[in-house]
Amino acid sequence: MVNVLLSESNAYKNFINTVDAEATKQSYRFAFSKFIKFYSVEDYNYDKMLQIEQKKLEGLISDYITDLKVDKKLSYNSINLHFAAISHFYQMNGVSLNWKLLTKFKGKRRLVVEDKPYSKEQIRQLLDFASLRTKCMILLMSSAGLRRGAIPTLKIRDLTKIEKYGLYQISVYHNEAENYTTFCTPECAKHLDQYFEWRTMQGEKFTSASPVIRKGFNSLNVARPVYCLLIFYDIFFFLSSTSWRLF
């Protein structure tokens with residue numbers, strides 16, 4: 001039902017079809033759905049979000065950003081993503097708001113801890129407790145240098161196995177201006193192969209367009225790429241009780 005409403009919603013089309021990168025589409029869709037839930041709109045009706053009076057809407061957005069910052073204690077980058085999704089939705093649907101004022105509610109960017117890369121020991125600890133899928137994501141980022149936003153865009157066709165060295169050559173952001181080639185380690189390749197084998201055992205039929213990292217299985221067994229924000233929650237769930245930096 002929700003998918004039908006989205007496909008027929010002009011507000012949703014204006015919102016999502018004006019974003020180029022698939023990873024950004026997924027992040028914006030996820031972030032704006034949280035805003036809709038905050039406003040308690042049933043069935044995620046995007047058109048109803050355009051029927052809110054201007055002053056009330058500005059108050060709602062400021063309350064939401066304050067909730068993310070004060071109550072949920074999200075990082076500045078996470079708040080900025082939610083704000084960007086909301087701003088894009090309303091601007092693409094011709095709604096004029098006082099964005100200069102609303103931006104003030106995000107606050108200033110502050111470093112809570114020193115910004116430094118994870119050590120090999122920290123990565124090893126993550127791998128010891130992570131699921132197979134999460135291990136693949138951690139190793140793609142740590143060994144191949146992929147950004148979190150690149151993982152949802154990866155397709156099977158973007159991987160080329162180099163048997164001689166037991167690793168994968170990876171084409172990142174395929175057919176985009178930002179396209180580049182990188183390589184993963186044999187350890188990463190081994191876990192990817194195990195992950196693909198497990199998915200095959202679950203009944204998945206791989207094609208060149210299948211996502212390298214997929215969401216969970218559903219009744220239709222349709223392979224959909226994992227959302228960018230879900231990668232954040234999946235990987236760094238293990239860090240919630242530590243003092244390690246959450247990026």
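In this text, all values refer to a predicted model and were calculated from it rather than measured experimentally.
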Is any side-chain heavy atom of [X] closer than 4.5 Å to a side-chain heavy atom of [Y]?
X: Leu127; Y: Ile138; result: yes
X: Cys136; Y: Ile213; result: yes
X: Phe35; Y: Leu60; result: yes
X: Ile36; Y: Tyr46; result: yes
X: Pro211; Y: Leu154; result: no
X: Arg148; Y: Met141; result: yes

(Q) If you apply the rule side chain to side chain contact (heavy atoms under 4.5 Å, CB included), what do you find for Arg199 with Arg214, and how did you get there? (A) CA-CA 9 Å; Arg199 284 164 57 177; Arg214 63 166 289 168; 3.5 Å; yes

Reported [atom1]-to-[atom2] distance for the pair [X] and [Y], which is rounded to 0.5 angstrom:
X: Ile65; Y: Ile61; atom1: CD1; atom2: CD1; value: 7.5 Å
X: Lys205; Y: Thr200; atom1: NZ; atom2: OG1; value: 8.5 Å
X: Lys190; Y: Leu139; atom1: NZ; atom2: CG; value: 9.5 Å
X: Lys106; Y: Leu74; atom1: NZ; atom2: CG; value: 13.5 Å
X: Asp158; Y: Tyr168; atom1: CG; atom2: OH; value: 12.5 Å

I need the minimum non-hydrogen distance between [X] and [Y], along with the two atoms involved.
X: Gly149; Y: Thr153; value: O-CG2, 3.8 Å
X: Glu53; Y: Lys56; value: OE1-N, 2.9 Å
X: Gln169; Y: Ile162; value: CB-CD1, 4.1 Å

Taking side-chain hydrogen bond (donor to acceptor under 3.5 Å, both in side chains) as the definition, give me every residue that meets it alongside [X], ordered by chain and number, with sequence neighbours left out.
X: Gln194; result: none
X: Glu58; result: Gln54
X: Thr182; result: none
X: Asp63; result: none

**Q.** side chain to side chain contact (heavy atoms under 4.5 Å, CB included) between His82 and Tyr64, intermediate numbers included
**A.** CA-CA 9 Å; His82 285 265; Tyr64 180 63; 3.2 Å; yes

Q) Between Leu102 and Phe83, does a side chain to side chain contact (heavy atoms under 4.5 Å, CB included) hold up when you go through it step by step? A) CA-CA 9 Å; Leu102 292 171; Phe83 187 86; 3.9 Å; yes

**Q.** Partner of Leu81 under side chain to side chain contact (heavy atoms under 4.5 Å, CB included), chosen from Phe30, Tyr28, Tyr76
**A.** Tyr28

Q. Thr185: what forms a side-chain contact (heavy atoms from CB on, under 4.5 Å) with it, not counting sequence neighbours?
A. Ser143, Glu187, Cys188

Q) Partners of Ser208 by side-chain contact (heavy atoms from CB on, under 4.5 Å), sequence neighbours excluded? A) Arg157

**Q.** Side chains of Ser75 and Ser78, donor plus acceptor under 3.5 Å
**A.** yes

Any residue meeting salt bridge (Lys or Arg N to Asp or Glu O under 4.0 Å) with [X], in chain and number order, not counting sequence neighbours:
X: Glu176; value: none
X: Lys161; value: Asp193
X: Lys72; value: Asp67

Q.
Once ring-ring contact (aromatic ring centres under 6.0 Å, His included) is applied, what residue pairs with a partner in residues 174-215 remain, sequence neighbours excluded?
A. Phe196-Phe206, Trp198-Phe217

Q.
Strictly distance-based, threshold 3.5 Å: is any side-chain N or O of Gln202 a donor or acceptor partner for the main-chain N or O of Glu204?
A. no

Q: May I ask you to decide if Val172's main-chain N or O and Asn179's side chain share a donor-acceptor pair within less than 3.5 Å?
A: yes

Q: With sequence neighbours left out, write down each residue that passes ring pair (Phe, Tyr, Trp, His ring centres under 6.0 Å) with Tyr39, or none if nothing qualifies.
A: none

Q | Hydrophobic cluster identity match, Ile156 and Leu146, side-chain contacts under 4.5 Å | A | yes

Show the atom names and distances, to 0.1 Å, of all donor-acceptor pairs under 3.5 Å that link a side chain in residues 84-99 to residues at least two apart or in another chain.
residue	atom	partner	partner atom	Å
Ser87	OG	Gln91	NE2	2.6
His88	NE2	Phe15	O	3.1
His88	NE2	Thr18	OG1	2.8
Tyr90	OH	Met49	O	2.9
Asn93	OD1	Asn14	ND2	3.0
Asn93	ND2	Ala11	O	3.2
Asn93	ND2	Phe89	O	2.8
Asn98	OD1	Leu101	N	3.1

Q. Just wondering, more than 12 heavy atoms not from Asp71 lying within 6.0 Å of its CG?
A. yes

Q: Let me see the working for Val212 and Ile170 under side chain to side chain contact (heavy atoms under 4.5 Å, CB included), right down to the final yes or no.
A: CA-CA 11 Å; Val212 171; Ile170 306 172; over 6 Å; no

